[in-house]
Amino acid sequence: MSNKFIPHTQADIEKMLAKVGVSSIDDLYAEIPSEVIFKADYNIPSAMSEIEIRKYFSELGNKNTSLAIFAGGGAYDHYSPSVIPHLLSRSEFYTAYTPYQPEISQGTLQYIFEYQSIISELTGMECANASMYDGSTAAAEVAFMMVASARKKNRVLLSATLLPRVIEVVKTYAKFHGVDITIVPEKDGVTDLSTLADLLAAGDVAGMILPTPNKYGIVEDFTGVADTLHASKALMAIYADPSAIAVLRTPKEWGADIACGDGQTLGMPLSFGGPYLGFIACSQAQLRKMPGRVVGATTDADGKRAFVLTLQAREQHIRREKATSNICSNQSLMCLFATIYVALMGKQGLQEVNKMSADGAHYLFDALVKSGKYAPAFPDKPFLKEFVVKTDLDIEALNKHLEKNGFMGGINLGEGRLCLAVTEKRTKAEIDRLITLMTESK
């Protein structure tokens, strides 16, 4: 064989070349202009022994600086139990793909079913999928669900208090799907619902997506919004933090038809931005419009409990271009991550995570305001683990000062506003040190 990692023998290669009518592999690339072919040596270092390569990467890793993270903005430094990566690394999980053959995929199908059950319970919705790439693409798919359900209505409303990246991704997807997006403005840190009646009056709104908590960490009050939207035959969706809604009012309790969001808060490490996990859950009425995998429980020929993929007629491997969505590869490894995390934490654990995060956030907020150097950006607005303060200090200089002292500070929102987040991982000693660093700055 010409390469020990390629299974084809020389005879195999010659047979294939003869079949396509060329004499060598080089002939397959004969039409590529010579001027674009790379002719120099590759800049690849010499081979190292195992000991050398371990030492090399250890030294490289030691250059990283570990910071206590007080930034949020949709990705939070929650604790991830050490058992999860060990279970995820089992070969039957790590190499699994779409379980088209249920007779040999019962384990994969079962944990996806358990994941769906968890998301349904957290959101209060009747159905859940498995799953989307991240929260932003999940929100985009929800916009398409709304338009598909409304049929002749082509406009989707987005609250301005959604995370900026969610808005931008939805707008990008919508542009190339011919869906009109209208941003509902914010006022005093929350969605300005006073404009909703006028927006609905045009009669072309398929639905609206609102956040809980919002991009400032504020828990908005959506009382009556579902009734207003439903009266105009429009749908309501909530973009939710799945950890936070373990203690907040669920999307179902707000009267939403659809819930979506990013599952990163279910113990997933920040990991420089991924992989994360997008989820969608919905009412029974919207089930056939929902993209992604849906696993159902049934019984086999012997009467034993079994799991199968259901509603596959929505998917691209059957319906081609008429499929509900082209995002139908599920993030099953991350589904498993979320499933193990929630199973380990349980209801009490999730409540404790949020209580510890809320206690720390309010402790930090109160201390910063008491110092006189910071003021509430949105007075009297309720928050859970994230908040915004205003200051006359140079925020960029402040964050550099914090970084030098081992802290990742908050997100600079501009106009003297700083967004900070606290999770259960932050100790009182870390918070007290942060307060000292932030209040001693000039």
Side-chain angles (χ1 to χ4, degrees), residues 69-84 114-125 128-132 134-136 138-139 161-163 165-166 210-220 237-254 256 259-271 273-281 331 334-362 364 382-387 419-426:
I69 299 172
F70 284 87
Y76 304 90
D77 189 28
H78 284 293
Y79 170 67
S80 181
S82 60
V83 68
I84 300 178
E114 300 295 349
Y115 163 80
Q116 292 172 182
S117 302
I118 286 168
I119 295 299
S120 291
E121 187 166 355
L122 284 171
T123 60
M125 309 304 291
N129 74 352
S131 61
M132 302 288 100
D134 55 24
S136 300
T161 61
L162 283 160
L163 292 165
R165 66 175 175 273
V166 172
L210 299 134
T212 186
N214 72 17
K215 66 179 180 181
Y216 302 121
I218 296 170
V219 181
E220 298 191 36
I238 297 287
Y239 186 94
D241 174 341
S243 174
I245 56 176
V247 296
L248 299 177
R249 187 176 291 187
T250 66
K252 180 66 174 179
E253 289 171 326
W254 285 122
C260 63
D262 201 305
Q264 184 274 330
T265 55
L266 298 178
M268 293 174 197
L270 292 171
S271 301
Y276 293 162
L277 171 70
F279 72 86
I280 298 177
Q331 295 271 72
M334 305 317 293
C335 288
L336 179 60
F337 194 117
T339 303
I340 297 172
Y341 174 82
V342 176
L344 289 170
M345 303 302 286
K347 291 182 179 180
Q348 182 178 347
L350 286 175
Q351 290 170 355
E352 289 180 4
V353 163
N354 282 283
K355 184 180 187 304
M356 293 171 69
S357 300
D359 287 347
H362 284 81
L364 175 58
F383 65 89
L384 185 66
K385 62 186 175 188
E386 191 169 22
F387 60 86
C419 184
L420 293 151
V422 182
T423 68
E424 78 282 6
K425 285 180 66 174
R426 302 284 72 85

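Taking the centre of each ring, H362 and F383 come in below the 6.0 Å mark.
In terms of heavy-atom proximity, P251 sits nearest to A240 at CG-CB, 4.3 Å. Taking every heavy atom of both residues into account, K425 and Y79 meet most closely at CD-N, 3.5 Å. The minimum heavy-atom distance linking A75 with R165 is given by the pair N-NH2, 4.1 Å. Nearest approach of K215 to L162, heavy atoms of both residues: CD-O, 3.5 Å. A281 and I119 make their closest contact through CB-CG2, 4.1 Å (heavy atoms, listed as atom of the first residue, atom of the second, distance). Residues L266 and P242 approach most closely at CG-CG, 4.0 Å, considering heavy atoms.
For the pair S357/H78, a side-chain contact is recorded, criterion being any heavy-atom separation below 4.5 Å from C-beta on. Residues Q116 and N129 are not in side-chain contact: their nearest non-hydrogen atoms beyond the backbone lie 4.5 Å or more apart. Under the 4.5 Å side-chain criterion, counting only non-hydrogen atoms from C-beta, L277 is in contact with C335. Inter-residue side-chain proximity for N214 and Y239 is flagged as unmet; no heavy-atom pair is nearer than 4.5 Å.
Among residue pairs with one or both ends in residues 335-348, those qualifying as side chain to side chain donor-acceptor pair (under 3.5 Å) are E121-K347, Q348-E352; sequence neighbours excluded. Listed by first and then second residue, the salt bridge (charged side-chain N to carboxylate O under 4.0 Å, His left out) pairs involving residues 262-271 amount to none (not counting sequence neighbours).
Screening I245, T265, L122 for a side chain to side chain contact (heavy atoms under 4.5 Å, CB included) involving L350 leaves a single residue, L122.
Rounding to the nearest 0.5 Å gives a distance of 11.0 Å between OG of S120 and NZ of K252. Rounded to the nearest 0.5 angstrom, F279 CZ and D134 CG are separated by 12.0 Å. In this structure, I238 CD1 and R249 CZ are separated by 10.5 Å, a value rounded to the nearest 0.5 Å. Taken from CD1 in I340 to CD1 in I118, the straight-line distance is 10.0 Å, to the nearest 0.5 Å. Between the OH atom in Y115 and the CZ atom in F337 there is a gap of 13.0 Å [rounded to 0.5 Å].
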Practice task
Check step by step if side-chain contact (heavy atoms from CB on, under 4.5 Å) holds for L270 and Q264.
Solution key: CA-CA 8 Å; L270 292 171; Q264 184 274 330; 3.7 Å; yes
Problem - Residues R426, I69; criterion side-chain contact (heavy atoms from CB on, under 4.5 Å); working and verdict - result: CA-CA 8 Å; R426 302 284 72 85; I69 299 172; 4.3 Å; yes
Practice task
Might you work through the side-chain hydrogen bond (donor to acceptor under 3.5 Å, both in side chains) test for E220 and T161, ending with a clear yes or no?
Solution key: CA-CA 10 Å; E220 298 191 36; T161 61; 2.6 Å; yes
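Of the possible donor and acceptor atoms, none in the side chain of E386 sits under 3.5 Å from a partner among the backbone N and O of V422. Panel note: side chain S80, backbone G267; a donor-acceptor pair is recorded below 3.5 Å. A donor-acceptor pair is defined here as one N or O able to donate and one able to accept, closer than 3.5 Å; such a pair exists between the side chain of Y76 and the backbone of G74. For T423 (side chain) and D77 (main-chain N/O), a donor-acceptor pair under 3.5 Å exists by modelled atom type. Remark: the backbone N or O of M125 is paired with a side-chain donor or acceptor of T123 at under 3.5 angstrom.
With sequence neighbours excluded, the residues satisfying side-chain contact (heavy atoms from CB on, under 4.5 Å) with A244 are P213, D241, L248, N354, L384.
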